[in-house]
Number of protein chains: 2
Amino acid sequence: MSKENIQSIVDRYIDVSFSVTKKEEALMTKELGSEITQDQHYILRYIYRVGSCTSTELAEAFEVKKSAITAIINRLWEKGFIKRTRDEKDRRVVYLTLTEQGEEFFQRIEEKINCLIEKLISKFEPSEMEQFIKTYEKLNQMLIEIKDNQIDHL
Amino acid sequence: MSKENIQSIVDRYIDVSFSVTKKEEALMTKELGSEITQDQHYILRYIYRVGSCTSTELAEAFEVKKSAITAIINRLWEKGFIKRTRDEKDRRVVYLTLTEQGEEFFQRIEEKINCLIEKLISKFEPSEMEQFIKTYEKLNQMLIEIKDNQIDHL
DNA sequence: TTTAATTGTTAAATAGTTTAACTATCTCCA
DNA sequence: TGGAGATAGTTAAACTATTTAACAATTAAA
C-alpha cells in the first residue's frame, strides 16, 4: 500500500470517526432529555450491567481519576438513582448499585437508545454490519493491548 | 434477522463504539500533551483544513452554541494560535484563521496523530480497513440525512 | 506496632457547555 | 428613508466534567 493511500485512509478515518461520534452523541442527548447527561448515562449503564461496583473500578473502566467518578456519582445519588453501601469487611470500600428508581429510569432510557441504534443499524445488510462490528471489535482489542502493554510506540 | 440477533448487534455496537472512542481519546490526549485539549485540537484541525471560517460555521459544524465556540477560540487566541479579522463589507462577521505559530503547532501535532492512527490501521488487511471505513462513511451519511431531514423517528 | 498502601472524599482550578441578555451591524419593506 | 427585525458575535451566570493535591479512614505489611 502506497504512502498516499495510507495517508488518505488515515484522514478518512479521523474525519469519519469524529463526525459519527459527534452526531450519535447529539441524537443520544436528545433521547436522554434533560434528566441526565451522556456521562451519567454511561455510568448508569455500567452499573446496571455489572450489578454492583466500586468507584475505583469505574475510574479504571472510564479512564478518569476517582474524584471525577465521585462527582458524577454524587449527581446521580442526588437524583435518587444510586445507592452507596459500605463493605462490612473492608470498611474503605463503598459498593455502588442502582436504586429501584435508577433501574427503572435506566431501562426506560435504554429502550429508546436501543431503538435508535437499531433503526440505524437495520438499514445495512446484516453481513455488512456484522463485518463492520467485527473489525471495530478487533480495533478495540488492539487498543486494549496497547494500553495494557504500555507500548507508546506501538 | 431475528430480534435477538438485532439486540445483540445493537449491544455490541454501543459497547465497542464507546470503548474505542474512549481509548482513542486517551491516546490522542497523550500525544497532545498539556498544550491544548481535544476540543481545541479539533477546532484547529477544522480551521487548518478550510483556511478561514466564522464562529457561526464552527458552531454548526460542531453542533454547539456560538458562545461555546467563543470560549474555545478565546483560549486558542490567548495561546497565539488564532487570528481574528473583521470583514470590511459586513462588519458583524469575524474571520478566524491560524497564525503562523498556530499552523506550525498544528502540523507538529497532526504528524504525531497521523502516525498513531497509521500504526493502528496498518495492522489490518487493506481490504478489511477499506471496507470498514466505507461502512463507517455510509453510517455517517445516514446520520447527516437524519439530522438534515429532522426525522426524529427515522 | 509502626509504616505502607488503598479507598474514597473534598477543595480548588480549568475546560466546555447552555441560556439569556446584550452590542453592533445589516436587510428589507412600508 | 427610516424603523423593525434578523444576524454575528460576545458576555455573564450557571452547570457538568475533569485533574491535582491534600486529606481521613482503614487495611496490609515490615
Side-chain angles (χ1 to χ4, degrees), chain A residues 18 21-23 25-26 28-30 32-47 52-79 81-97, chain B residues 18 21-23 25-26 28-30 32-47 52-79 81-97:
Chain A
F18 171 74
T21 303
K22 267 278 169 203
K23 290 187 181 59
E25 266 184 17
M28 279 178 71
T29 299
K30 208 187 273 176
L32 293 179
S34 56
E35 296 202 76
I36 58 167
T37 65
Q38 284 279 345
D39 292 298
Q40 288 167 18
H41 169 249
Y42 278 119
I43 294 283
L44 283 187
R45 172 169 244 268
Y46 187 97
I47 301 177
S52 165
C53 69
T54 64
S55 283
T56 302
E57 184 181 337
L58 283 171
E60 279 164 11
F62 287 78
E63 300 187 50
V64 295
K65 301 295 176 208
K66 283 187 292 181
S67 54
I69 299 296
T70 300
I72 294 183
I73 293 295
N74 279 341
R75 288 179 202 113
L76 288 169
W77 181 84
E78 281 162 18
K79 295 185 215 290
F81 293 160
I82 293 276
K83 193 167 62 179
R84 285 173 155 119
T85 316
R86 210 146 222 128
D87 185 330
E88 284 307 319
K89 293 192 180 149
D90 184 345
R91 297 192 52 73
R92 291 170 304 181
V93 176
V94 175
Y95 294 116
L96 305 168
T97 51
Chain B
F18 171 73
T21 303
K22 267 277 171 206
K23 289 186 182 60
E25 265 184 15
M28 277 177 69
T29 299
K30 207 187 273 176
L32 292 178
S34 56
E35 296 200 78
I36 58 167
T37 65
Q38 286 276 347
D39 293 296
Q40 288 168 17
H41 169 249
Y42 278 120
I43 294 283
L44 283 187
R45 175 170 241 268
Y46 187 96
I47 302 178
S52 166
C53 69
T54 64
S55 283
T56 302
E57 184 181 338
L58 283 170
E60 279 164 12
F62 287 77
E63 298 186 50
V64 295
K65 302 294 177 211
K66 283 186 293 181
S67 53
I69 299 296
T70 300
I72 295 183
I73 293 294
N74 279 341
R75 289 181 201 111
L76 288 170
W77 180 84
E78 281 162 18
K79 294 185 215 291
F81 292 160
I82 294 276
K83 194 168 60 181
R84 285 172 156 119
T85 316
R86 234 187 178 104
D87 186 329
E88 284 308 316
K89 292 194 180 146
D90 184 344
R91 296 194 52 74
R92 292 170 303 181
V93 177
V94 175
Y95 294 116
L96 304 167
T97 51

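We name chains A, B, ... by the order of the sequence lines, and we start the count at 1 in each one.
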d([atom1], [X]; [atom2], [N]) in whole Å:
X       : N      : atom1 : atom2 : answer
A/Lys65 : D/dT18 : NZ    : C1'   : 11 Å
A/Arg75 : C/dT10 : CZ    : C1'   : 13 Å
B/Phe62 : C/dA15 : CZ    : C1'   : 15 Å
B/Lys30 : D/dT19 : NZ    : C1'   : 17 Å
B/Trp77 : D/dG9  : CH2   : P     : 17 Å
B/Leu58 : C/dT17 : CG    : P     : 12 Å
A/Leu44 : D/dA17 : CG    : C1'   : 16 Å
B/Glu78 : C/dG16 : CD    : P     : 11 Å

* Structure fact -> Smallest heavy-atom separation, B/Arg86 atom then B/Arg91 atom, equals NE-O, 2.7 Å
* To do: Carefully, step by step, assess A/Asp87 and A/Lys89 under the rule salt bridge (charged side-chain N to carboxylate O under 4.0 Å, His left out).
  => CA-CA 6 Å; A/Asp87 185 330; A/Lys89 293 192 180 149; over 6 Å; no
* Looking only at atom types and distance, does a side-chain atom of A/Gln38 sit under 3.5 Å from a main-chain N or O of A/Glu25, one as donor and one as acceptor? ->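 A pair under 3.5 Å: yes.
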* **Heavy-atom donor-acceptor pair, A/Lys79 side chain to A/Glu35 backbone, under 3.5 Å** => yes
Give me, pair by pair, the N or O atoms of the protein and of nucleotides 6-8 of chain C that are less than 3.5 Å apart, along with how far apart they are.
| unit_1 | atom_1 | unit_2 | atom_2 | d |
| --- | --- | --- | --- | --- |
| C/dT6 | O4' | A/Arg92 | NH1 | 3.4 |
| C/dT6 | O2 | A/Arg92 | NH1 | 3.0 |
| C/dG8 | OP1 | A/Val94 | N | 3.1 |
| C/dG8 | OP1 | A/Val94 | O | 3.3 |
| C/dG8 | OP2 | A/Thr56 | N | 3.1 |
| C/dG8 | OP2 | A/Thr56 | OG1 | 2.4 |
| C/dG8 | N7 | A/Lys66 | NZ | 3.0 |

* Evaluate whether atom NZ of B/Lys22 has more than 12 neighbouring non-hydrogen atoms of other residues, nucleotides or ligands under 6.0 angstrom away. =>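 Enclosed.
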* To do: Would you indicate what B/Ile69 reaches in the nucleic acid, counting non-hydrogen atoms under 4.0 angstrom: base, sugar-phosphate, or nothing?
  =>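 Result for B/Ile69 = nothing.
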* Tell me which residues in residues 35-42 of chain A put a heavy atom below 4.0 Å from DNA chain C, sorted by number, or none. => none
* Please check if the distance between the ring centroids of A/Tyr42 and B/Phe18 is under 6.0 Å. =>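 Yes, the ring of A/Tyr42 comes within the 6.0 Å limit of the ring of B/Phe18, centre to centre.
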Enter the distance from [X]:[atom1] to [Y]:[atom2] here, rounded to the nearest 0.5 Å.
X       : Y       : atom1 : atom2 : value
A/Ser55 : A/Ile43 : OG    : CD1   : 9.0 Å
A/Lys66 : A/Ile73 : NZ    : CD1   : 13.5 Å
A/Thr29 : A/Ile36 : OG1   : CD1   : 10.0 Å

* Structure fact -> If pairing means Watson-Crick or G-U wobble with both distances under 3.5 Å, then the partner of D/dA28 is C/dT3
* Asked: Among the nucleotides D/dT18, C/dA20, D/dA21, which one has an atom lying closest to any side-chain atom of B/Lys22?
  -> D/dT18
* Asked: How would you label the glycosidic angle of C/dA4: syn (within 90° of 0) or anti?
  -> syn
